[in-house]
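Notes follow once the structure below has been shown.
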Amino acid sequence: RIEAPWRILTQLEQLFEWRSLELADGSLTSPLVADISTLLIIHPAELSAATLYAIEQFIFAGGNALILLDPFAESTLSNAVGAPRSSEFKLFDAWGLQFDPNSFVGDEAFALPVLNDNGQTQRHPGLIGVQGAGLSSDSVISSGIDSLNLGFAGAFSVAGDAVITLNALLQSSSQAALLPSNLILQTPNPADFSALIPAASKPLTLAAVVSGRPTSAFAPRDTGHITQASAPINVVVVGDTDLLTDRYWTQAQNYFGQSI
């Protein structure tokens with residue numbers, strides 16, 4: 001559950017009937033009821049087996065899901081020493097969907113400009129603005145978007161024996177690479193990341209639609225257990241959560257005491 005009053009969540013509340021599902025020690029405090037059509041899962045970590053089972057069975061029964069993971073969620077940074085925690089979603093292992101929680105995508109072509117300690121502008125390969133060929137024009141989800149900013153995003157791939165398919169919505173440029181997340185706090189100069197990125201590479205998948213009919217990762221727990229998805233699943237996965245935060249997509253101004 002996200003506690004920060006992000007503007008995008010406020011907008012979602014205006015467009016959809018919205019409810020938060022509470023967790024206690026990684027377990028849902030109430031069941032996933034039948035009138036829920038779509039699950040929005042942001043930065044999951046340490047979900048209990050019972051919660052993962054409930055999510056799996058919801059998806060297998062035809063429910064939709066939007067799942068946002070992050071190898072380096074800036075929104076979780078605090079004054080405490082150490083890096084922000086990364087996401088984990090163990091259902092992906094059973095599906096053959098791969099996401100490295102310890103690596104982020106560095107992209108030279110999509111690097112956004114930032115100010116360094118000397119007040120000079122530098123492009124930062126970890127902070128990227130995906131545009132052009134990086135946005136799929138084949139999907140209604142991404143076709144109307146001109147650009148999208150992400151921060152230290154992760155990448156998805158499919159294992160060789162997977163029964164799912166991955167249809168990319170967002171991709172890196174062909175000047176990108178997966179870099180260790182533990183370098184982020186140790187590397188104040190963005191140029192040091194650039195030196196690790198090859199001049200040409202295969203684009204990496206930053207967000208995608210997952211489809212196919214995976215089988216359950218669990219032994220039956222009740223008589224209604226679904227062993228295999230009844231139809232191709234409809235799950236959207238995104239390798240970044242910081243794109244939801246205000247500073248990545250919105251500008252606010254005070255207009256006669258009202259924020260607009």
Side-chain angles (χ1 to χ4, degrees), residues 1-71 73-78 80 84-97 99 101 141 154 156 164 169 207-246 249:
R1 185 178 179 217
I2 299 298
E3 299 294 342
W6 296 345
R7 292 179 184 275
I8 195 166
L9 298 187
T10 302
Q11 289 199 348
L12 286 175
E13 289 175 347
Q14 296 171 354
L15 295 170
F16 302 98
E17 183 182 344
W18 173 279
R19 75 185 66 153
S20 295
L21 299 176
E22 301 291 340
L23 290 171
D25 297 324
S27 295
L28 289 168
T29 58
S30 58
L32 295 178
V33 294
D35 66 341
I36 296 175
S37 63
T38 302
L39 281 178
L40 173 59
I41 303 173
I42 303 173
H43 200 40
E46 299 179 353
L47 297 180
S48 69
T51 297
L52 291 170
Y53 178 73
I55 294 170
E56 177 204 76
Q57 294 292 290
F58 169 84
I59 292 171
F60 281 13
N64 305 309
L66 170 56
I67 304 172
L68 296 97
L69 306 184
D70 202 318
E74 294 177 89
S75 59
T76 64
L77 277 169
S78 67
R85 63 183 175 86
S86 59
S87 308
E88 62 173 22
F89 195 67
K90 294 180 180 178
L91 280 183
F92 288 166
D93 296 336
W95 297 359
L97 180 58
F99 179 86
I141 299 174
F156 297 94
I164 59 165
L169 298 172
V209 177
V210 181
S211 59
R213 296 183 59 215
T215 55
S216 178
F218 301 91
R221 298 192 173 203
D222 52 53
T223 55
H225 174 78
I226 304 173
T227 302
Q228 185 176 25
S230 54
I233 62 175
N234 184 29
V235 175
V236 174
V237 293
V238 182
D240 186 47
T241 60
D242 295 310
L243 85 168
L244 299 177
T245 60
D246 295 350
W249 72 279

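What you are looking at is a predicted structure, and each value in this text was computed from that prediction instead of being measured.
Atom-to-atom distance recorded for I42:CD1 and D70:CG is 11.0 Å, nearest 0.5 angstrom. With values rounded to the nearest 0.5 angstrom, E74 atom CD is found 4.5 Å from D242 atom CG. One distance of note links CD1 of I41 with CD1 of I55; it measures 4.0 Å at 0.5 Å rounding. Going from atom OG of S87 over to atom CG of L68 covers 8.5 Å, rounded to the nearest 0.5 Å. Interatomic distance, CG of L52 versus CZ of F218, reported as 5.0 Å (0.5 Å rounding). One finds the CG atom of L23 at 5.5 Å from the OG1 atom of T51 (value rounded to the nearest 0.5 Å).
The side-chain contact (heavy atoms from CB on, under 4.5 Å) test applied to A229 returns F60, R213, P214, I233, not counting sequence neighbours. By the side-chain contact (heavy atoms from CB on, under 4.5 Å) test, T227 pairs with H225, sequence neighbours left out. Under the side-chain hydrogen bond (donor to acceptor under 3.5 Å, both in side chains) criterion, T38 pairs with no residue, sequence neighbours left out. For S211, the side-chain hydrogen bond (donor to acceptor under 3.5 Å, both in side chains) partners at least two apart in sequence or on another chain are T165. Every residue two or more places apart in sequence or in another chain that forms a side-chain contact (heavy atoms from CB on, under 4.5 Å) with T215 is listed here: Q228. Residues passing the ring pair (Phe, Tyr, Trp, His ring centres under 6.0 Å) test with F92 are F89, W95, sequence neighbours excluded. In terms of the side-chain hydrogen bond (donor to acceptor under 3.5 Å, both in side chains) criterion, D93 has no residue partners (sequence neighbours excluded). Applying the side-chain hydrogen bond (donor to acceptor under 3.5 Å, both in side chains) rule to R221 yields no partners; only residues at least two apart in sequence or on another chain are considered.
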Worksheet item: What's the verdict on side chain to side chain contact (heavy atoms under 4.5 Å, CB included) for L69 and V237, showing C-alpha distance, side-chain angles and the deciding distance?
Response: CA-CA 8 Å; L69 306 184; V237 293; over 6 Å; no
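Proximity of a side-chain donor or acceptor of E88 to a complementary backbone N or O of E46 within less than 3.5 Å is detected.
Residue A94 comes nearest to A217 through the heavy atom pair CB-CB, 3.5 Å, listed as atom of the first residue, atom of the second, then distance. Taking both residues in full, the closest heavy atoms of G224 and Q57 are given as O-OE1, 4.1 Å, listed atom of the first, atom of the second, then distance. Heavy-atom minimum distance, S27 versus S48: OG-OG, 2.9 Å.
Just one of N64, I59, L21 meets the side-chain contact (heavy atoms from CB on, under 4.5 Å) condition when paired with L39; it is L21.
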Could you pull out every donor-acceptor pair under 3.5 Å between side chains of residues 30-37 and any protein atom, sequence neighbours left out?
residue, atom, partner, partner atom, Å
D35, OD1, R19, NH1, 3.3
D35, OD2, R19, NH2, 3.0

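Every pair tested for salt bridge (Lys or Arg N to Asp or Glu O under 4.0 Å) that includes a residue from residues 229-239 fails, sequence neighbours excluded, so the list is empty. For residues 48-68, the set of pairs meeting the salt bridge (Lys or Arg N to Asp or Glu O under 4.0 Å) definition, not counting sequence neighbours, is empty. Applying the salt bridge (Lys or Arg N to Asp or Glu O under 4.0 Å) test to residues at least two apart or on different chains, none of the pairs has a partner in residues 223-237.
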